[in-house]
Amino acid sequence: SDVCSSDLIIRSITVPLRQTVDIMGRVANHDLTARLQGSFSGELADLQASINSALATLDQTMAQTSEAGRQVHLAAFEINTGSQSLAEQASAQASTLEEVSASVHELAGLSDHAATSATHTSGLAATTHDTTVHSIERMDRLSGAINRIKGSADEMAKIVKTIDDIASQTNLLALNAAVEAARAGAAGRGFAVVAEEVRNLAMRSAEAAQTTADLIDQSIKQAKEGVAYNSEVSVSLAEVRDQVAQMRDAVGTIARLSGQQKVRIEQVNI
């Protein structure tokens with residue numbers, strides 16, 4: 001009976017140990033599903049529970065590690081794909097940037113030309129404005145001169161009217177003298193000749209005065225027309241002056257903005 005008891009004890013120890021050795025071999029061959037089977041007692045039961053728990057934990061850890069490795073492999077593949085795509089996009093962007101740089105460089109040249117032209121045009125507009133202002137001043141002086149000429153013509157008309165009145169009176173006196181000379185007979189013949197000459201001079205003076213009056217009237221009409229035309233030209237020049245001033249301001253603004261645009265384009269080009 002003692003021998004049987006010893007055998008049972010030995011079997012109760014060796015069987016778990018053999019299973020443990022077998023399981024460790026399976027674990028060494030990457031089989032983490034192996035577990036200690038059977039019912040053990042005492043410390044062997046604790047050993048069974050510990051080994052099975054360790055194997056289960058190891059199996060779970062390895063599964064998680066494998067999944068993590070798979071995720072890392074997938075992420076690395078996506079990163080590699082994304083890097084290739086990013087490299088292609090960067091290459092395309094570099095090509096596009098080169099085209100943009102060339103376009104900006106060309107635009108900078110055009111902007112520089114536009115700024116120079118706008119500045120030149122602004123100077124011409126300012127010169128035109130000054131010329132228009134001086135022209136208006138000259139037209140004002142011309143208008144004053146024409147008005148003075150008209151005033152002088154009016155005074156001359158009065159003088160010619162006086163001369164015409166004197167010629168009429170002289171003609172009347174010569175006619176009366178001729179009548180008196182005719183009454184005097186032979187004694188008044190010489191006086192009659194003088195009276196006739198005076199009468200002829202009076203008539204010629206009247207004709208000259210009339211011709212001069214007509215010319216003066218024509219000059220007065222022309223002077224009035226000149227004043228009217230001068231006023232119209234002055235008004236037109238004033239409108240031109242205002243428009244040129246507006247154009248000068250607009251072109252000046254364009255020149256200023258073109259200069260600012262040129263500076264910004266140069267900054268972008270840099």
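Just so it is clear, the values below take in all heavy atoms, side chains as well, and ignore hydrogens, waters and symmetry mates. In this chain, residues are counted from 1 in sequence order.
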To the nearest 0.5 Å, what is the distance between [atom1] ([X]) and [atom2] ([Y])?
| X | Y | atom1 | atom2 | value |
| --- | --- | --- | --- | --- |
| Ile265 | Ile270 | CD1 | CD1 | 12.5 Å |
| Thr131 | Ile136 | OG1 | CD1 | 11.0 Å |
| Thr96 | Gln89 | OG1 | CD | 11.0 Å |
| Ser66 | Gln71 | OG | CD | 10.5 Å |
| Thr212 | Asp217 | OG1 | CG | 10.5 Å |
| Ile51 | Thr20 | CD1 | OG1 | 4.0 Å |

Exercise. Look at atom CE of Met62 and say whether more than 12 heavy atoms of other residues, nucleotides or ligands are closer to it than 6.0 Å.
Key: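 Atom CE in Met62 is not crowded, with 12 or fewer foreign heavy atoms closer than 6.0 Å.
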Quiz prompt | Whether over 12 other heavy atoms sit under 6.0 Å from Arg264 CZ | solution =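 At most 12 heavy atoms, drawn from other residues, nucleotides or ligands, come within 6.0 Å of this atom.
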Joint cluster assignment, [X] & [Y], ILVMFWY side-chain distance < 4.5 Å:
| X | Y | result |
| --- | --- | --- |
| Val240 | Val235 | no |
| Leu86 | Ile79 | no |
| Ile159 | Ile166 | no |

Self-check item: Under 3.5 Å: donor-acceptor pair, side chain of Ser91, backbone of Ala87
Solution: no
Quiz item: Would a distance-only check, ignoring hydrogens and angles, find a side-chain to backbone donor-acceptor pair under 3.5 Å from Ser85 to Thr81?
Solution: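 Judged by distance alone, no pair lies under 3.5 Å.
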Practice problem: For the pair Leu74 and Glu78, evaluate side chain to side chain contact (heavy atoms under 4.5 Å, CB included) and give the outcome as yes or no after the intermediate values. | Solution: CA-CA 6 Å; Leu74 180 61; Glu78 292 178 352; 4.0 Å; yes
Exercise. Determine, step by step, whether Gln243 and Thr132 satisfy the side chain to side chain contact (heavy atoms under 4.5 Å, CB included) criterion, reporting the C-alpha distance in whole Å, the side-chain angles of both residues, the deciding distance to 0.1 Å, and the verdict.
Key: CA-CA 10 Å; Gln243 293 174 359; Thr132 305; over 6 Å; no
Exercise. Establish, from distance only, whether the side-chain atoms of Gln169 and Asp165 form a donor-acceptor pair under 3.5 Å.
Key: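 There is no such pair between these side chains.
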Self-check item: Test: Glu67 and Arg70 ion pair at under 4.0 Å
Solution: yes
Practice problem: Output, in order, the C-alpha distance, side-chain angles, deciding distance and verdict of side chain to side chain contact (heavy atoms under 4.5 Å, CB included) for Thr253 and Arg256. | Solution: CA-CA 5 Å; Thr253 302; Arg256 178 173 54 82; 3.6 Å; yes
